[in-house]
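I have placed the structure first, in the form of structure tokens, so that the comments after it can refer back to it.
What's counted below: heavy atoms across the whole structure, side chains too, no hydrogens, waters or symmetry copies. Along the sequence shown, residues carry numbers from 1.
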Amino acid sequence: MAENGEEKLIAVARHIAKTLGHTDTMTDDILQIFSNFDNRFREKLTDDQPLERTLKSLHRQISRHLSAQHHIWSDSAESAAFLDSVDQLLAVIHEWNPMANDKSVSVSLDKADDLLQQAMFRLQDEFTTLMQRASESVDLTRRQNGGNNLGDYYESEEEEVDDDDSGEIPIAHPVTDYGILIEALPAGIISDLHEIAKRMVAAGYEKECSHAYSVSRREFLEESLSRLGLQKLSMDQVQKMQWNELEDEIEKWVKAVNVALRILFPSERRLCDRVFFGFNSVSDLSFMEVSRGSTIQLLNFADAVAISSRAPERLFKVLDVYEALRDLMPEFELMFSDQYCVLLRNEALAIWRRLGEAIRGIFMELENLIRRDPAKTPVPGGGLHPITRYVMNYIRAACRSRITLEQVFEEIVVPSASAVDYRDGDDRALSSSSLAVQMAWIMELLESNLEAKSKIYKDSALLAVFMMNNERYIVQKVKDSELGLLLGDDWIRKHAAKVKQYHVSYHRSSWSKVSGVLKIDNNAMSPTGASRSLKEKLKLFNSYFEEICKTQSTWIIFDEQLKEELRNSVAGSLSPAYRNFIGRLQSNNDSGRYAERHIKFSVEDLEARISELFQGSSGSGGGRK
């Protein structure tokens, strides 16, 4: 250090002399005056090449390393000597730069820069070699703090990888336990890389160093996603895929994006920060270059799903993609918030919102599907219409993701807010939410569609059975699911009352005529006339009753409880009237002696026939699911 300080002092003295001296003679005189102060400086002041001598020495040292045909970092002493020479060269350039306007100094500094450039290129090569060799030997299935290996989801053929294939890029296994950080490189290698990075950044070669780092680690991430089963698909390819194929790809994507954001990217962020410790900007740039391609691949897939078909059957997989991105937004915020990565974070947020728009669009398509379902052929026996079963099971399944759908329909920006806002809300708050309004609207559309379909039935009793069946199904599906929370108790009571109204309508349409026959007028009739009237009424009753039983035995009431309620209701109103009628017939003096000839059904027979109502027929659509 003393020698370097002396050299610098001599350089300053020479610079002063040349600045003050108007001619070469004057400059020499000034230098002679300086040399008279200390005899030690006499020879050095008259020597015009101190920088050149230092550079020649450094050139000899550094050239030995540059010409080496082997990996310098295979020998710790050699790598330390190389770094020491680079440090000296950087120090010389730094010290002499203030005098760069001196022509001779400027020429020497140009030579120093050329030597530095060669040294940086070699350091870059050594940096790349270190990363490659370390990646080939590291065990990426090890937890940061020990413990079990990562979970294994690979297919059997994927597991049969030749461990001796040194060209294979090691990858992280897919997992369900995300409390893992991958030790991507050994600590000693990370330290060596950091030492190289320090010199390259100090020399102004941070971009070259970042590039060397990024190329190696980018390959690692891309291979990792590939081993997780994720294909490199363009957005156009995703949109053209058959739905069953796309379903499989979405499942792989959900798994891959979770591993990437929760394990791979945090591990890469940690590695960047260690290699480029003290150089935050370089670390941020390197992480962006490493993760950008894989992040764009993941986001493009989600975006393609968002802008693809809005067919209702796609809802549940689109919800999977939406929820995956929503749950990972904190990770995006944590890792992609610096100046280089913020665009990736913003794009993730925009795609997440587009997925919300897609979900709302799917519900609009469901509305259109209900509106367009034609009222052409009546369901045999007044059973459940397929549209009722489809819509209710669809909505019921969708409401298992109620909290997510609340987010979608309220257009909540902050992903974490809804879990608190809606989970703890009371029924009134839920029944007035945007999702509740949406569900109530779908129910209204469905009921309007069913009412239009009921008009096909010419028999008003069968119309009532059809509406009773479908309304009962709707109410029960609402009561035993999240739909009940959304629509509220008032909605359920109102629609349960509709079922009762259709019950009354059915009873009136089917049995009022039969019951009317059994009414007896006690006035203005002779005993003989009364006897004849009773026999005629009984004959008419038998005809009506048989016809109704024969017809309605093929009708359908899907719900066993409702079926029993209807049968009991019919029996409860008809049996007493029939028993009373038969009693009057048997007590009549004129007809009583021959009453048994005219009585076709006993009260027990009547009730037995009533119990056979609504048996349905095979393939008549009465099954409940």
Side-chain angles (χ1 to χ4, degrees), residues 1 3-4 53-95 111-140 166-167 169-170 182-220 267-268 270-283 285-287 289-290:
M1 291 297 294
E3 183 180 351
N4 286 340
R53 284 189 295 102
T54 302
L55 289 178
K56 284 180 182 179
S57 174
L58 289 173
H59 189 276
R60 285 193 299 271
Q61 297 173 41
I62 292 174
S63 293
R64 287 197 300 270
H65 299 296
L66 297 179
S67 61
Q69 298 300 310
H70 58 276
H71 177 41
I72 295 175
W73 259 256
S74 60
D75 184 327
S76 58
E78 184 177 1
S79 61
F82 185 26
L83 290 178
D84 185 59
S85 297
V86 171
D87 287 341
Q88 292 181 51
L89 180 58
L90 286 169
V92 167
I93 293 172
H94 179 72
E95 290 174 3
K111 294 178 182 178
D113 287 338
D114 289 341
L115 181 60
L116 181 65
Q117 184 181 56
Q118 295 176 55
M120 291 300 108
F121 287 163
R122 183 58 190 254
L123 282 178
Q124 184 176 350
D125 290 342
E126 294 292 323
F127 189 97
T128 301
T129 302
L130 272 173
M131 293 200 69
Q132 290 174 345
R133 292 190 176 183
S135 295
E136 290 166 3
S137 61
V138 72
D139 178 12
L140 295 182
S166 60
I169 298 175
I182 297 171
E183 289 287 5
L185 299 174
I189 297 296
I190 293 173
S191 178
D192 288 340
L193 292 170
H194 175 62
E195 292 301 319
I196 294 176
K198 279 201 304 186
R199 274 68 180 190
M200 294 188 72
V201 172
Y205 284 76
E206 61 271 13
K207 288 185 179 179
E208 289 78 1
C209 186
S210 175
H211 177 73
Y213 175 88
S214 303
V215 168
S216 174
R217 300 310 301 170
R218 187 161 55 239
E219 291 176 354
F220 165 85
S267 298
E268 289 302 320
R270 180 171 177 267
L271 181 60
C272 277
D273 291 343
R274 293 175 69 187
V275 170
F276 298 104
F277 180 74
F279 311 108
N280 292 342
S281 180
V282 183
S283 179
L285 174 63
S286 299
F287 177 70
E289 290 292 349
V290 169

Inset, instruction - Using the side-chain contact (heavy atoms from CB on, under 4.5 Å) rule, take Lys198 and Phe279 through it: C-alpha gap first, then chi angles, then the decisive distance, then the call. - result: CA-CA 8 Å; Lys198 279 201 304 186; Phe279 311 108; 3.7 Å; yes

Legend entry - Ser67 side-chain N/O to Arg64 backbone N/O, donor-acceptor pair under 3.5 Å: yes

Legend entry - Spacing of CG belonging to Leu115 relative to CG belonging to Leu89, to within rounding of 0.5 Å: 5.0 Å

Legend entry - Phe277 six-ring centre to Arg274 NZ/CZ under 6.0 Å and within 45° of normal: no

Inset, instruction - Give, for atom CG of Asp113 and atom CD of Gln117, the distance between the pair rounded to the nearest 0.5 Å. - result: 8.5 Å

Inset, instruction - Would you kindly say whether Ser57 and Gln61 are connected by a side-chain donor-acceptor distance under 3.5 Å? - result: yes

Legend entry - Under 3.5 Å: donor-acceptor pair, side chain of Arg217, backbone of Glu268: no

Inset, instruction - Please check if the side chain of Arg122 supplies one atom and the backbone of Leu66 the other of a donor-acceptor pair under 3.5 Å. - result: yes

Legend entry - Asp125 side, atom CG; Ile72 side, atom CD1 - distance, nearest 0.5 Å: 9.5 Å

Inset, instruction - Calculate, to the nearest 0.5 Å, the distance between atoms OH and CD belonging to Tyr213 and Gln124 respectively. - result: 15.0 Å

Legend entry - Full working for side-chain contact (heavy atoms from CB on, under 4.5 Å) between Ile196 and Leu130: CA-CA 10 Å; Ile196 294 176; Leu130 272 173; 3.8 Å; yes

Inset, instruction - Would you kindly say whether Gln88 and Asp84 are connected by a side-chain donor-acceptor distance under 3.5 Å? - result: yes

Inset, instruction - List the atom of Met131, the atom of Ala212, and the distance in Å for their closest heavy-atom pair. - result: SD-O, 4.4 Å

Inset, instruction - Please check if the side chain of Ser85 supplies one atom and the backbone of Ala81 the other of a donor-acceptor pair under 3.5 Å. - result: yes

Inset, instruction - Output every pair passing ring pair (Phe, Tyr, Trp, His ring centres under 6.0 Å) with a member in residues 65-87, not counting sequence neighbours, ordered by first then second residue. - result: His65-Phe82

Inset, instruction - Identify the heavy atoms of Ile190 and Leu185 that sit nearest to each other, and give their distance. - result: CD1-O, 3.5 Å

Legend entry - pair Leu83-Glu195: side-chain heavy atoms closer than 4.5 Å: yes

Inset, instruction - Enter the distance from Arg199:CZ to Leu123:CG here, rounded to the nearest 0.5 Å. - result: 8.5 Å

Inset, instruction - Please indicate whether His194 has more than 12 foreign heavy atoms, meaning atoms of other residues, nucleotides or ligands, lying under 6.0 Å from its NE2. - result: yes

Inset, instruction - Hey, could you give me the NZ/OG distance between Lys207 and Ser214, rounded to the nearest 0.5 Å? - result: 12.5 Å

Inset, instruction - For Tyr205 and Met120, work out which heavy atoms get closest and say how close. - result: CD1-CG, 3.4 Å

Legend entry - Under 3.5 Å: donor-acceptor pair, side chain of Ser286, backbone of Val282: yes

Legend entry - Glu206 and Met200: CA distance, side-chain angles, deciding distance, side-chain contact (heavy atoms from CB on, under 4.5 Å) verdict: CA-CA 6 Å; Glu206 61 271 13; Met200 294 188 72; over 6 Å; no

